[in-house]
Amino acid sequence: MSEALAPVVVKEIPPKAADLSAWYTAACLKAELVSYSPVRGCVVLRPYGFGLWENLRTHLDARFKATGHENAYFPLLIPESLLLKEAEHVEGFAPEVAWVTQGGSETLTERLAIRPTSEVIIGTMYAQWIESYRDLPVLINQWANVVRWEKATRPFLRTMEFLWQEGHTAHATAEEGREETLRILELYRDFAENVAAVPVYAGRKSAGERFPGAVETFAIEALMPDGRALQSGTSHDLGQNFARAYDITFVDADQRIKHAYTTSWGVSWRMLGGLIMVHGDDRGLRIPPKMAPIEAVFVPIVRSGDDRAIEVCTAAAERLSLAGFRVRVDTREEQPGWKYSEWDLRGVPVRIEIGPRDVDAATATLARRDRDKNDKDQRRTVALDRLAEVLPELLSDIQASLYAQAKAFLESHTYVVQDRAEFFRLCKDRAGMVDIAWCERAECEALVKAETSATTRVLRPLEEASATCVVCGEPAKVRAYFAQSY
RNA sequence: CGGGGCGUGGCUCAGCUUGGUAGAGCGCUUCGUUCGGGACGAAGAGGUCGCACGUUCAAAUCGUGUCGCCCCGACCA
């Protein structure tokens, strides 16, 4: 039938390829993830968006707990005097700190910073709590909001107030601190790839991209469809820098007083933005099942005088719900086609249609969001009593297919380059991740940035010792992915 | 923060040049017919044009300021 070939028309959002920015903003708003608020640069996270955030939180939190971390909560406000103790840190964050200068009608004698990150307040507390090597390590995470006075904002990717988690740990030795930093980096990579289905490059940051006050910063970097990289999680080895500034000392087994080694690491709701851009299509979001607030939505199809499908859907949904699936029944009085489009837009991985034909045959028709409407395999009909058995395979298949598509994109947009001119062209064209042997010199990175606005994303060890820097010809020290970034 | 664009019922926008206190489509409400990829008919409701000040007999329309959003750049999770 010719109508089977008619394109799915999405009125709410523009095509993704034509203008990623416009698509992205519309998708976030129309899928009801966020709303703009009366506060500049601050969005409201709506229930569906919060559902996404909750799934991120659930998965990451479980991983934190499994690696021995505990949750705690620290104050939002930080006295200025505390903030000033770590010079590099202060300097790094100064331009984007928001201040409280008045309480009620009184002007404060000391300004209070609204935390842009919590190293300062947490380090101050650690100084009080840690006395002995027996108190170490301290492994604490906090789920919190932070504020950074941003000049340009976009939902999830950059907002003035955002939700994140920040882990802060203290250790007895440099080795343990580094070990922790890398453990978390791997934890983030695992989460990004196996839960968010977003393939990343993980590695060390260049000195220029390092967190203010850190000895070394590691990150995971994802690639967006427009060829720009998105830093999606960072893990910092702070060495003894913060321990010195905030006086975090302990008596070691050898009876000597030493500064602790601290780390900090964070993932924000920015990762949701990455997930949206990486997986979405012209019909809207495509949420990987593990992150989906709703894994499957039932759409009952009624006829006049025949609304049996509603009861059948409700009963089936209840069974699935008891079995641990996140499902919803859409009983609204809209046309089925209208509902299909809306749930497509909102990215629900599986749609379960049940109409009179299904009711008669005791079947359900499953449609998968990762396939196109014209794909013969988009829909399949299964026996109602086999839903709980079919759904897990289908969901995990969708999860895998979304990851595979994203992975293929990342790989096909990663360019191993030897030639200087080609390197500059690819960087300038926002082609993707440009992989070169690099000298690791700040001047060299600055030059590339000035010429192309690309910077290093992450670095990794060099295989061949004799290689020279593709940019400047100096001896290469590492391999580096260069890209423009968000 | 620099350059550009925009702000009119819930949404998308017209009206602004040549001032005379608002229109369309979609959505919303009610009733009926429909319902397997964004249905149809009928009857309704809803805005004083982001905000402030100014010019004028009169401002959505002109001027100044301000707030917010989008795009490009610089800066940053």
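So that the names make sense, note that chain A is the first sequence line, chain B the second, and so on, each numbered from 1.
Heavy atoms of A/F156 sit under 4.0 angstrom from at least one base atom. Among the protein residues, A/R332 comes within range of no part of the nucleic acid, since none of its heavy atoms lies under 4.0 Å from any strand. If you check every strand for non-hydrogen atoms under 4.0 Å, A/Y36 touches sugar and phosphate atoms only. Using a 4.0 Å heavy-atom criterion, one finds that A/G92 contacts no nucleic acid atom at all.
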I'd like to know whether A/R369 forms a salt bridge (Lys or Arg N to Asp or Glu O under 4.0 Å) with A/D281, so could you lay out the CA-CA distance, the side-chain angles of the two residues, the decisive distance to 0.1 Å, and finally the verdict.
CA-CA 10 Å; A/R369 180 62 179 88; A/D281 66 12; 2.7 Å; yes
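Annotation: B/A59 and B/G50 have their C1' atoms spaced 16 Å apart (nearest Å). Only the C1' atoms considered, B/A39 is 8 Å distant from B/C35, to the nearest whole Å. Only the C1' atoms considered, B/U17 is 23 Å distant from B/C57, to the nearest whole Å. Atom P of B/U8 sits at a distance of 14 Å from the matching atom of B/G15, rounded to the whole Å. The separation of B/U66 from B/C26, taken at their C1' atoms, amounts to 33 Å, rounded to a whole angstrom. B/C16 sits 15 Å from B/C6 when the P atoms are compared, rounded to a whole Å. Using C1' as the reference atom, B/A60 and B/G19 are 10 Å apart when rounded to the nearest Å.
Looking only at side-chain heavy atoms (C-beta outward), A/Y246 and A/V120 come within less than 4.5 Å of each other.
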Show each protein N/O and nucleotides 26-36 of chain B N/O combination with a separation under 3.5 Å, one pair to a line.
| unit_1 | atom_1 | unit_2 | atom_2 | d |
| --- | --- | --- | --- | --- |
| B/U34 | OP2 | A/S304 | OG | 3.2 |
| B/U34 | O2 | A/Q335 | OE1 | 2.9 |
| B/C35 | O2' | A/V302 | O | 3.1 |
| B/C35 | N1 | A/V302 | O | 3.3 |
| B/G36 | N7 | A/R303 | NH2 | 3.4 |
| B/G36 | N7 | A/R357 | NH1 | 3.3 |
| B/G36 | O6 | A/G355 | O | 3.3 |
| B/G36 | O6 | A/P356 | N | 3.3 |
| B/G36 | O6 | A/R357 | N | 2.7 |
| B/G36 | O6 | A/D358 | N | 3.2 |
| B/G36 | O6 | A/D358 | OD2 | 3.4 |
| B/G36 | N1 | A/G355 | N | 3.3 |
| B/G36 | N1 | A/D358 | OD2 | 2.3 |
| B/G36 | N2 | A/E353 | OE1 | 3.3 |
| B/G36 | N2 | A/D358 | OD2 | 2.9 |
| B/G36 | N2 | A/T365 | OG1 | 3.1 |

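Taking every side-chain heavy atom of A/A152 into account, B/A74 is the closest of B/A74, B/C70, B/A77. Of the candidates B/C70, B/G68, B/G38, the closest approach to any side-chain atom of A/R40 belongs to B/G68.
Pairing of B/A42, defined by two Watson-Crick or G-U wobble distances under 3.5 Å, is identified with B/U30. For B/C1, the paired nucleotide is B/G73, the pair qualifying as Watson-Crick or G-U wobble because both relevant distances are below 3.5 Å. Pairing for B/A52 is with B/U64, a Watson-Crick or G-U wobble pair whose two hydrogen-bonding atom distances lie under 3.5 Å. Remark: B/A14 base-pairs with no nucleotide; criterion is Watson-Crick or G-U wobble with both hydrogen-bond distances under 3.5 Å.
A/E353 and A/R379 are joined by a salt bridge, as a carboxylate oxygen and a charged side-chain nitrogen come within less than 4.0 angstrom of each other.
Ring to ring, A/F211 and A/H89 are close: their centroids are under 6.0 angstrom apart.
The aromatic rings of A/Y188 and A/W265 sit perpendicular, their planes meeting at an angle over 60°, well past the 30° parallel limit.
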